Student: 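Quick one: the structure is below, and I'll ask about it shortly.
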Amino acid sequence: MLPLETARSYVLDRCPARKPERVPVADALGLVTSSEIIASESIPQFANTAMDGFAVRSADVADAPCELRVVETIPAGHAPQVTVGPGEASRIMTGAIVPPGADAVVMVERTAIISEPSADPEIVRVEVSVPADNHVRPIGDDLGAGEPVFPAGTELTAGHLGVLCSLGMTEVEVFGRPRVGVLSTGDELVDDGSPLQPGQIRDSNRRTLLALAQRADVTPVDLGLAPDDPDAIEAALRTGTETCDAIVTSGGVSMGDFDYVKAVLDRIGDMRWMQVAIKPAKPLAFGTVGDVPVFGLPGNPVSSMVSFELFARPGLRSMMGHPQPIRPPDLAFAAEDLPRRPDGKTHFMRVLATPLGGRIEVRSAGGQSSHMLWAMAKSNALAVVPDGTGVRAGDKVDVLLLD
Ligand code: AMP
Ligand code: MG
């Protein structure tokens, strides 16, 4: 059996980062920048008010309370037309340009209009003195033109996209988003909700793997179902490699008589069949067809999900240029015994992780067999239990906190 790290290094070595490309900012969520982004503009580009209120000369209100003539109303998005002179103020809305002459803003809650409704000019009473620059957001307060914004290798989140838009960028240079085909294999599989014939089961892997692909920020592509037939599997894989950047299959990589995925991969690609020292998900057929990585994951539903987490997700993230493709473990404590038998493998146990008093506690999510998808679905983490007799209540244990 291969150690997990050896098997994973083999995979990662064959999943190089894709070529950088420019994509619309609108399509860039979850992608990774391939070059440093420099601010081409300042944010904000003009000094503006952080409050609704009155733009004043701070010297005028030094002896507040005081009364000022209102010379203009400045909504956000409109340029001021009037310079604020001594004894004057302009009514101003959050985000509007601070007018020339004024150097501070008094929030509306600290003022009162004391003139008659139709008076011109209106008279505002300012209750408090304020220092110069009060509630004024200066040019470049958030970001100055020419400043480095995000380094290469940044995963673009919602906030990052907002900054790019603030800078007027419509496109961003990233490692492209791979299209990832997902194929289920097995004579027993049915996926249309129809009544089952003896021995048939419903295909669940394709849905979970497509969803995991989506969560990994790649573009999932449904390649359907292939029976346990080498020609059908080859045809599906060939379609996949023509239209996708990577492929994930499930089933057909074990020791059974009809496990054809590894045989087909061996014939049409450069494939390595691995027995990894982990449970679940010991068998992995990984190869490349042309330059398309193919992840042949085991068929048991929990195994396919764990194998995706340990091999396919890091491989896909590596293709997307993530500097850290592997999910780092967190330290947790077992809230109950997590027993296992020694077998030379690292066990990835399905657990429920909960934050409790500043630390993470884990307890079993239920049945730990590789066909027990229900317990996997109810878990939110995998406890990494090293070879041995397991973890005792109160012991430390590494966990992978899943999305
Ligand atoms: P295999 O890896 O093909 O030997 O399959 C191992 C187990 O996983 C068998 O019990 C299969 O019936 C089951 N299995 C394989 N593919 C799927 C699938 N797409 N959905 C649900 N179960 C599956
Ligand atoms: Mg099978």
Side-chain angles (χ1 to χ4, degrees), residues 1-2 7 11 180-216 220-237 239-240 244 246-267 269 271-287 294-313 345 347-348 350 366-379:
M1 285 188 298
L2 279 182
V11 169
V180 179
V182 176
L183 175 72
S184 283
T185 71
D187 274 355
E188 70 278 34
L189 301 176
V190 171
D191 75 342
D192 59 2
S194 60
L196 299 178
Q197 302 305 316
Q200 289 186 327
I201 63 163
R202 305 192 190 280
D203 177 8
S204 61
N205 290 354
R206 196 147 45 99
R207 190 49 52 208
T208 54
L209 293 171
L210 286 164
L212 289 174
Q214 193 175 349
R215 275 289 143 84
V221 177
D222 189 348
L223 296 177
L225 270 175
D228 288 318
D229 169 72
D231 292 339
I233 292 170
E234 177 172 343
L237 285 177
T239 307
C244 298
I247 296 188
V248 176
T249 69
S250 69
V253 297
S254 300
M255 308 280 275
D257 287 349
F258 306 101
D259 286 335
Y260 291 126
V261 172
K262 59 181 191 293
V264 171
L265 272 180
D266 217 10
R267 195 169 71 233
M271 198 271 304
R272 181 151 173 210
W273 188 47
M274 296 181 253
Q275 302 293 306
V276 190
I278 57 174
K279 185 176 176 179
K282 183 172 74 159
L284 173 71
F286 174 81
V294 181
F295 300 85
L297 311 184
N300 270 308
V302 175
S303 308
S304 70
M305 290 185 77
V306 170
S307 193
F308 186 95
E309 165 66 22
L310 298 179
F311 300 106
R313 182 177 182 275
K345 301 180 204 164
H347 287 200
F348 290 84
R350 277 69 71 202
Q368 296 293 327
S369 300
S370 59
H371 63 291
M372 293 178 159
L373 186 56
W374 190 31
M376 176 86 198
K378 289 186 289 184
S379 73

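It should be emphasised that the depicted structure is a prediction, and the values quoted were computed from it without experimental measurement. All ligand and atom numbering here is 1-based and tracks the order in the structure.
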Student: Measure across Val11 and Phe311 and return the closest heavy-atom pair with its distance rounded to 0.1 Å.
Tutor: CG1-O, 4.0 Å
Student: So which atom in Ser307 and which in Leu297 form the shortest heavy-atom distance, rounded to 0.1 Å?
Tutor: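 Minimum heavy-atom contact is OG-CD2, 3.3 Å.
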Student: Pair Ile233, Thr249 - check side-chain contact (heavy atoms from CB on, under 4.5 Å), show working.
Tutor: CA-CA 10 Å; Ile233 292 170; Thr249 69; over 6 Å; no
Student: Closest heavy-atom contact between Ser250 and Ser304?
Tutor: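 That would be CB-CB, 4.3 Å.
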Student: What atoms in ligand 1 come closer than 4.0 Å to a heavy atom of Ser254?
Tutor: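 That gives atoms 2 (O) of ligand 1.
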Student: Enumerate the atoms of ligand 1 whose separation from the nearest heavy atom of Ser184 is less than 4.0 angstrom.
Tutor: 19 (N)
Student: Need the ligand 1 atom indices (1-based, order shown) with element for anything under 4.0 Å from a heavy-atom of Asp259.
Tutor: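 Heavy-atom distances to Asp259 below 4.0 Å select 3 (O), 4 (O).
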Student: Among Pro298, Ser250, Gly299, Ser304, which one puts a heavy atom closest to atom 15 (C) of ligand 1?
Tutor: Gly299
Student: Give a yes/no on ligand 1: does Gly252 have at least one heavy atom closer than 4.0 angstrom to it?
Tutor: yes
Student: Do me a favour and list the nearest non-hydrogen protein atom to atom 19 (N) of ligand 1 with residue, atom name and distance?
Tutor: Asp203 OD1, 2.7 Å
Student: What part of Ser204 sits under 4.0 Å from ligand 1 if we count only heavy atoms: the side chain, the backbone, both or neither?
Tutor: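 The answer is both, backbone and side chain.
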Student: Measure across Val302 and Ser369 and return the closest heavy-atom pair with its distance rounded to 0.1 Å.
Tutor: CG2-O, 3.9 Å
Student: For atom 22 (N) of ligand 1, find the nearest protein heavy atom and state the residue, atom name and distance (0.1 Å precision).
Tutor: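 In this structure, atom 22 (N) of ligand 1 has Ile201 CD1, 3.4 Å as its nearest protein heavy atom.
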Student: Specify the closest pair of heavy atoms between Val276 and Met1, including all atoms of both residues, with the distance to one decimal.
Tutor: O-SD, 4.2 Å
Student: If I take atom NZ from residue Lys345 and atom NZ from residue Lys279, how far apart are they, to the nearest 0.5 angstrom?
Tutor: 5.5 Å
Student: When you measure from the side chain of Arg206 to the backbone N and O of Thr185, does any donor-acceptor pair fall under 3.5 Å?
Tutor: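 Absent.
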Student: Identify the closest protein heavy atom to atom 6 (C) of ligand 1: which residue and atom is it, and at what distance?
Tutor: Asn300 N, 3.6 Å
Student: Minimum heavy-atom separation for Gly367 and Met372, please, with both atom names.
Tutor: CA-SD, 3.3 Å
Student: Measure the distances from the heavy atoms of Gly186 to every atom of ligand 1 and state whether one is below 4.0 angstrom.
Tutor: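 Gly186 does not count as a contact of ligand 1 under the 4.0 Å cut-off.
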Student: For atom 16 (N) of ligand 1, what is the nearest protein heavy atom, given as residue, atom name and distance?
Tutor: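 Of every protein heavy atom, Asn205 ND2, 3.5 Å lies nearest to atom 16 (N) of ligand 1.
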Student: Does Arg202 come within less than 4.0 Å of ligand 1, judged by its heavy atoms?
Tutor: yes
Student: Need the ligand 1 atom indices (1-based, order shown) with element for anything under 4.0 Å from a heavy-atom of Glu188.
Tutor: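 Per the distance check, 11 (C), 12 (O), 15 (C).
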